[in-house]
Trainee: 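Can you read through this structure? Questions will come right after.
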Amino acid sequence: MKEKKQILVSISGPTAVGKTNCSLSIAEHFKTEIISCDSRQMYREMKIGTAVPDPEELDRVKHHFIGKLSIHDYYNASMFEQDISSLSAELFQKHDILLMVGGSGMYLDAVLYGIDDIPDPDMKIRERLILQHETEGLEPLTAQLKTLDPVAYDRIDMKNPKRVIRALEVCLSSGKPFSSFHTRSIKQRDFDILMLGLDIPRETLYERIDKRIDIMLEQGLEAEARILHPHQGLIALKSIGYREFFQYFDGKVSREEAIHLIRKNTRQYARKQINWLKRYKSMHWFHPDDVDGMISLIAQNQK
RNA sequence: GGUACCAUAGCUCAGUUGGUAGAGCAACGGACUGAAAAUCCGUGUGUCCCUGGUUCAAUUCCAGGUGGUACCA
């Protein structure tokens with residue numbers, strides 16, 4: 001008895017392009033479930049600013065990973081990759097098609113290619129390096145990396161503090177060069193991955209972004225941010241929509257400026273997402289309204 | 001209708017004592033292996049309103065036109 005092909009259908013696209021709506025229709029058509037590939041919708045305290053599907057939408061189709069974390073939890077792309085590996089194994093028992101929906105590029109990479117097994121970050125070392133960067137600048141760190149891992153030194157952007165600190169912390173905690181952990185291989189999986197990308201004209205996208213921000217403000221984004229303000233140092237709260245309100249609460253900008261910044265940063269974020277997604281040669285691009293087109297492409301791939 | 005002022009990047013405006021121009025805000029391009037909605041790198045995108053005149057050379061000076069603003073009728 002021949003089994004039907006199992007496909008993980010990834011639906012991605014820039015923020016506000018219309019992923020939720022179109023993925024609900026597709027999931028209903030295939031009577032399947034949705035796994036979120038959105039690094040911020042996982043935090044249950046951040047609902048309005050991350051535009052999670054509303055309760056009625058969550059009721060229509062079973063969603064996974066939304067609200068599974070607290071802002072106080074540590075999480076990363078590698079953990080996401082592990083989570084999706086085990087969850088998909090479980091869900092493919094019931095479904096031949098699974099939807100993965102979201103625009104977090106690095107998480108997508110982790111699913112599509114796998115992510116190398118690198119020792120977990122040692123937070124003490126990381127904090128020490130961050131402190132050193134603040135007090136002495138980037139220079140000593142890049143110099144140290146050059147001796148510990150010349151390969152990484154050549155490969156990594158030496159002007160980017162986060163990259164330099166990351167490489168160094170792995171070298172220091174493992175005793176081996178950071179670059180030695182990179183296998184540059186693609187992980188084999190027992191299911192196919194079909195990449196769908198949503199795209200609309202830039203101008204329309206920006207209109208949708210503005211509209212969405214208006215809705216967030218109506219829904220009480222400011223109040224949500226106010227509650228989270230005491231925790232503004234957390235990584236999760238570096239998110240757009242929150243960090244700008246924190247600047248306002250801290251008296252650094254006016255409320256009007258903060259909202260203006262939210263609009264601008266969201267547009268820039270959307271551009272970066274588009275830029276990231278353009279790299280996937282296997283991406284099939286669709287207008288979000290073309291649900292039928294996506295459904296027939298998925299059906300074709302099942303054969 | 002008259003007078004004055006203005007017209008330069010997507011927007012607000014600088015500027016060139018005549019040698020084809022630059023700020024802010026926007027916008028755009030790119031990188032990415034455990035912080036990724038993070039972080040980092042890069043780009044001026046222009047018929048200087050139009051037509052003619054003076055000049056080796058006009059976005060700049062002159063004339064006319066067009067559009068705008070203010071005031072007077």
Side-chain angles (χ1 to χ4, degrees), chain A residues 12-16 36-43 46 48-52 69 71 73-83 102-123 125-127 129-130 133 138 142 149 151-152 155-167 169-170 173-174 177-187 202-203 205-206 209-210 212-213 216 221 225 233-245 256-257 260-280:
Chain A
S12 52
T15 185
S36 171
C37 181
D38 186 305
S39 68
R40 301 295 148 147
Q41 290 185 350
M42 298 198 185
Y43 295 105
M46 298 159 55
I48 297 171
T50 61
V52 294
L69 299 174
I71 51 170
D73 292 332
Y74 176 75
Y75 200 72
N76 61 45
S78 174
M79 293 161 77
F80 178 74
E81 197 264 344
Q82 284 167 31
D83 286 345
S104 296
M106 194 177 178
Y107 286 21
L108 259 176
D109 261 22
V111 174
L112 198 57
Y113 306 128
I115 189 161
D116 289 319
D117 196 19
I118 301 174
D120 281 333
D122 181 328
M123 289 307 173
I125 295 179
R126 179 179 288 190
E127 275 161 28
L129 292 171
I130 290 170
H133 173 233
L138 201 52
T142 56
D149 188 350
V151 177
R155 226 142 56 185
I156 292 172
D157 177 6
M158 282 301 122
K159 287 179 179 168
N160 190 331
K162 290 199 176 170
R163 296 280 152 67
V164 175
I165 289 170
R166 168 65 186 152
E169 85 187 6
V170 173
S173 63
S174 69
F178 177 59
S179 58
S180 68
F181 293 100
H182 293 158
T183 61
R184 304 197 138 192
S185 61
I186 293 176
K187 177 159 182 168
R202 192 67 62 92
E203 202 183 325
L205 181 65
Y206 286 0
I209 286 173
D210 277 338
R212 164 176 282 186
I213 291 169
M216 285 177 180
L221 176 61
L234 296 171
I235 288 160
L237 293 175
K238 306 278 184 216
S239 304
I240 298 166
Y242 300 92
R243 51 178 219 234
E244 295 85 357
F245 263 119
E256 206 176 34
E257 283 166 334
H260 177 256
L261 282 171
I262 291 173
R263 295 188 193 286
K264 181 180 102 169
N265 291 335
T266 305
R267 287 194 293 268
Q268 289 183 352
Y269 170 52
R271 284 201 292 111
K272 280 189 287 185
Q273 286 178 299
I274 293 165
N275 184 227
W276 185 291
L277 297 173
K278 276 197 293 196
R279 295 186 313 160
Y280 298 123

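What you see is a predicted model, and the numbers here were worked out from it, not measured in a lab. Below, all heavy atoms of this structure are taken into account, side chains as well, without hydrogens, waters or symmetry copies.
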Trainee: If you count every heavy atom of other residues, nucleotides or ligands that lies below 6.0 Å from Arg184(A) atom CZ, does the total exceed 12?
Mentor: no
Trainee: How long is the span from the OH atom in Tyr43(A) to the CG atom in Leu234(A), to the nearest 0.5 Å?
Mentor: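 So the gap between those two atoms works out to 9.0 Å.
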Trainee: Phosphate oxygens OP1/OP2 of rU33(B): is one of them under 4.0 Å from a side-chain N or O of Arg184(A)?
Mentor: no
Trainee: What protein N or O atoms touch nucleotides 43-45 of chain B N or O atoms at under 3.5 angstrom, if any, and at what distances?
Mentor:
none

Trainee: If you round to the nearest 0.5 Å, how far is CD1 of Ile130(A) from CD1 of Ile165(A)?
Mentor: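 Going from the CD1 atom of Ile165(A) to the CD1 atom of Ile130(A) covers 5.5 Å.
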Trainee: When both hydrogen-bonding distances must be under 3.5 Å and the geometry is Watson-Crick or G-U wobble, what is rC13(B) paired with, if anything?
Mentor: rG22(B)
Trainee: Respond yes when some side-chain nitrogen or oxygen of Arg155(A) is under 4.0 Å from OP1 or OP2 of rC32(B), and no when none is.
Mentor: no
Trainee: Within this structure, what is the OH-to-C1' distance between Tyr269(A) and rC32(B), rounded to whole angstrom?
Mentor: 14 Å
Trainee: So among Met42(A), Arg40(A), Gln41(A), which one has a side-chain contact (heavy atoms from CB on, under 4.5 Å) with Leu69(A)?
Mentor: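 Among Met42(A), Arg40(A), Gln41(A), the one meeting side-chain contact (heavy atoms from CB on, under 4.5 Å) with Leu69(A) is Met42(A).
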Trainee: Any side-chain N or O of Asn275(A) less than 4.0 Å from the OP1 or OP2 oxygen of rA31(B)?
Mentor: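 For Asn275(A), the contact criterion (side-chain N or O under 4.0 Å from OP1 or OP2 of rA31(B)) is met.
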Trainee: About how many Å separate CG of Asp116(A) and CZ of Phe181(A), when rounded to the nearest 0.5 Å?
Mentor: 10.0 Å
Trainee: Hey, does the side chain of Arg279(A) come within less than 4.0 Å of rG30(B)'s phosphate (OP1/OP2), counting only N and O?
Mentor: no
Trainee: Rounded to the nearest 0.5 Å, what separates atom CG in Leu112(A) from atom CD in Glu81(A)?
Mentor: 11.0 Å
Trainee: Any donor-acceptor pair under 3.5 Å linking the side chain of Asp122(A) with the backbone of Ser173(A)?
Mentor: no
Trainee: Taking N and O atoms by type only, does the side chain of Arg163(A) place a donor or acceptor under 3.5 Å from a partner on the base of rA35(B)?
Mentor: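 No pair found.
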Trainee: Provide the distance between the two P atoms, one in rU59(B) and one in rC50(B), to the nearest whole Å.
Mentor: 9 Å
Trainee: Under 4.0 angstrom, heavy atoms only, what part of the nucleic acid is Thr15(A) near: base, sugar-phosphate, or nothing?
Mentor: nothing
Trainee: When we call it a touch if two heavy atoms are under 4.0 Å apart, what does Gly114(A) touch: a base, just sugar-phosphate, or nothing?
Mentor: nothing
Trainee: Using heavy-atom distances to pick each residue's nearest nucleotide on RNA chain B, tell me which of Ile118(A) and Met216(A) is more 5'.
Mentor: Ile118(A)
Trainee: Which value, in whole Å, describes the distance between the P atoms of nucleotides rG19(B) and rC48(B)?
Mentor: 15 Å
Trainee: If the cut-off is 4.0 Å, is Lys272(A) near the phosphate of rA38(B), judged by side-chain N/O to OP1 or OP2?
Mentor: yes
Trainee: What integer number of Å spans the P atoms of rC72(B) and rU16(B)?
Mentor: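 The answer is 33 Å between these two P atoms.
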Trainee: Let's test this: given Watson-Crick or G-U wobble pairing with both distances under 3.5 Å, identify the partner of rG44(B).
Mentor: none
Trainee: How long is the straight-line distance from CD1 of Ile115(A) back to CG of Asp109(A), given to the nearest 0.5 Å?
Mentor: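 Taking CG in Asp109(A) and CD1 in Ile115(A), the distance rounds to 8.5 Å.
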Trainee: Using whole Å, what does the distance between atom C1' of nucleotide rC32(B) and atom CD1 of Ile165(A) come to?
Mentor: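 These atoms are roughly 16 Å apart.
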Trainee: Is there a side-chain contact between Pro14(A) and Leu205(A), using heavy atoms and a 4.5 Å cut-off?
Mentor: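 Result yes, sub-4.5 Å side-chain heavy-atom pair found.
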Trainee: Can you check the distance between rU51(B) and rU3(B), where both ends of the measurement are the C1' atom (answer in whole Å)?
Mentor: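 These two C1' atoms come out 25 Å apart once rounded.
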Trainee: Tyr113(A) vs Tyr280(A) aromatic rings, parallel, tilted or perpendicular, using cut-offs 30° and 60°?
Mentor: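 Taking Tyr280(A) first and then Tyr113(A), their aromatic rings sit tilted (interplane angle of 30° to 60°).
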Trainee: Tell whether Asp116(A) reaches the base of rU33(B) with its side chain through a donor-acceptor pair below 3.5 angstrom.
Mentor: yes
Trainee: Hey, is rG34(B) sitting syn or anti, using the within-90° cutoff around 0?
Mentor: syn
Trainee: Calculate the interatomic distance between Asp122(A) atom CG and rA35(B) atom C1'; express it in whole Å.
Mentor: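 The distance from CG of Asp122(A) to C1' of rA35(B) comes to 15 Å, rounded to the nearest Å.
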Trainee: Between Ile235(A) (CD1) and rA35(B) (C1'), how many Å, whole number?
Mentor: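 It is 4 Å, rounded to the nearest whole Å.
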Trainee: Any strand is fair game: report the nucleotide pairing with rG52(B) by Watson-Crick or G-U wobble, both distances under 3.5 Å, or none.
Mentor: rC62(B)
Trainee: Can you tell me, in whole Å, how much space there is between the P of rA73(B) and that of rG18(B)?
Mentor: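 The answer is 39 Å between these two P atoms.
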Trainee: Using a 4.0 Å heavy-atom cut-off, does Asp109(A) contact any base of the nucleic acid, only the sugar-phosphate backbone, or nothing at all?
Mentor: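 Here Asp109(A) touches no strand at all.
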Trainee: Who does rA31(B) pair with, Watson-Crick or G-U, both distances under 3.5 Å?
Mentor: rU39(B)
Trainee: Suppose you measure atom C1' in rA36(B) against the same atom in rC13(B); what distance do you get, rounded to whole Å?
Mentor: 38 Å
Trainee: What interatomic distance, in whole Å, is found between P of rU17(B) and the corresponding atom of rG22(B)?
Mentor: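 About 15 Å, rounded to a whole number of Å.
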Trainee: What's the CD1-P distance between Ile240(A) and rA35(B), to the nearest Å?
Mentor: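 Roughly 18 Å, once rounded to whole Å.
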Trainee: Quick check on RNA chain B: between Tyr74(A) and Lys162(A), whose nearest nucleotide comes earlier from the 5' end?
Mentor: Tyr74(A)
Trainee: Among rC40(B), rA38(B), rG34(B), which nucleotide sits nearest the side chain of Asp157(A)?
Mentor: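 The listed nucleotide nearest to Asp157(A)'s side chain is rC40(B).
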Trainee: Detail all sub-3.5 Å separations between protein N/O atoms and N/O atoms belonging to nucleotides 23-27 of chain B.
Mentor:
residue	atom	partner	partner atom	Å
rA26(B)	OP1	Lys264(A)	NZ	3.4
rA26(B)	OP2	Lys264(A)	NZ	3.4
rA26(B)	O3'	Arg267(A)	NH2	3.4
rA27(B)	OP1	Arg267(A)	NE	2.1
rA27(B)	OP1	Arg267(A)	NH2	3.0

Trainee: Should Lys278(A) be listed as having a side-chain N or O under 4.0 Å from OP1 or OP2 of rG30(B)?
Mentor: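 Checking Lys278(A) against rG30(B): at least one side-chain N or O falls below 4.0 Å of OP1 or OP2.
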Trainee: Which listed nucleotide (rA38(B), rG42(B), rG34(B)) is nearest to the side chain of Arg243(A)?
Mentor: rA38(B)
Trainee: Write down the distance between CD (Gln82(A)) and P (rG34(B)), rounded to a whole number of angstrom.
Mentor: 14 Å
Trainee: Heavy atoms under 4.0 Å, any strand shown: does Tyr242(A) hit a base, just sugar-phosphate, or nothing?
Mentor: nothing
Trainee: Could you list the residues that satisfy side-chain contact (heavy atoms from CB on, under 4.5 Å) with Arg163(A), not counting sequence neighbours?
Mentor: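 In terms of side-chain contact (heavy atoms from CB on, under 4.5 Å), with neighbours along the sequence ignored, Arg163(A) is linked to Ile156(A), Asn160(A).
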Trainee: If I take atom CZ from residue Arg212(A) and atom CD1 from residue Ile262(A), how far apart are they, to the nearest 0.5 angstrom?
Mentor: 13.5 Å
Trainee: Taking atom C1' in both rC28(B) and rG44(B), what distance in whole Å separates the two?
Mentor: 10 Å
Trainee: Test your reading of the model: is there a side-chain donor-acceptor pair from Asn76(A) to the backbone of Ser78(A), 3.5 Å cut-off?
Mentor: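 Side chain of Asn76(A) to backbone of Ser78(A), a donor-acceptor pair under 3.5 Å: yes, one is there.
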Trainee: Please give, in whole Å, the distance from rU39(B) P to Ile130(A) CD1?
Mentor: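 Atom-to-atom, Ile130(A) to rU39(B), this comes out as 12 Å.
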Trainee: NA contact type, Pro161(A), heavy-atom cut-off 4.0 Å: base, sugar-phosphate, or nothing?
Mentor: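 The residue Pro161(A) makes sugar-phosphate contact but no base contact.
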Trainee: rU3(B) pairs with which nucleotide, Watson-Crick or G-U wobble, both distances below 3.5 Å?
Mentor: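 Matched rU3(B) with rA70(B) under the 3.5 Å cut-off.
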Trainee: Can you tell me how far P of rC32(B) sits from OH of Tyr107(A), to the nearest Å?
Mentor: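 Atom-to-atom, Tyr107(A) to rC32(B), this comes out as 19 Å.
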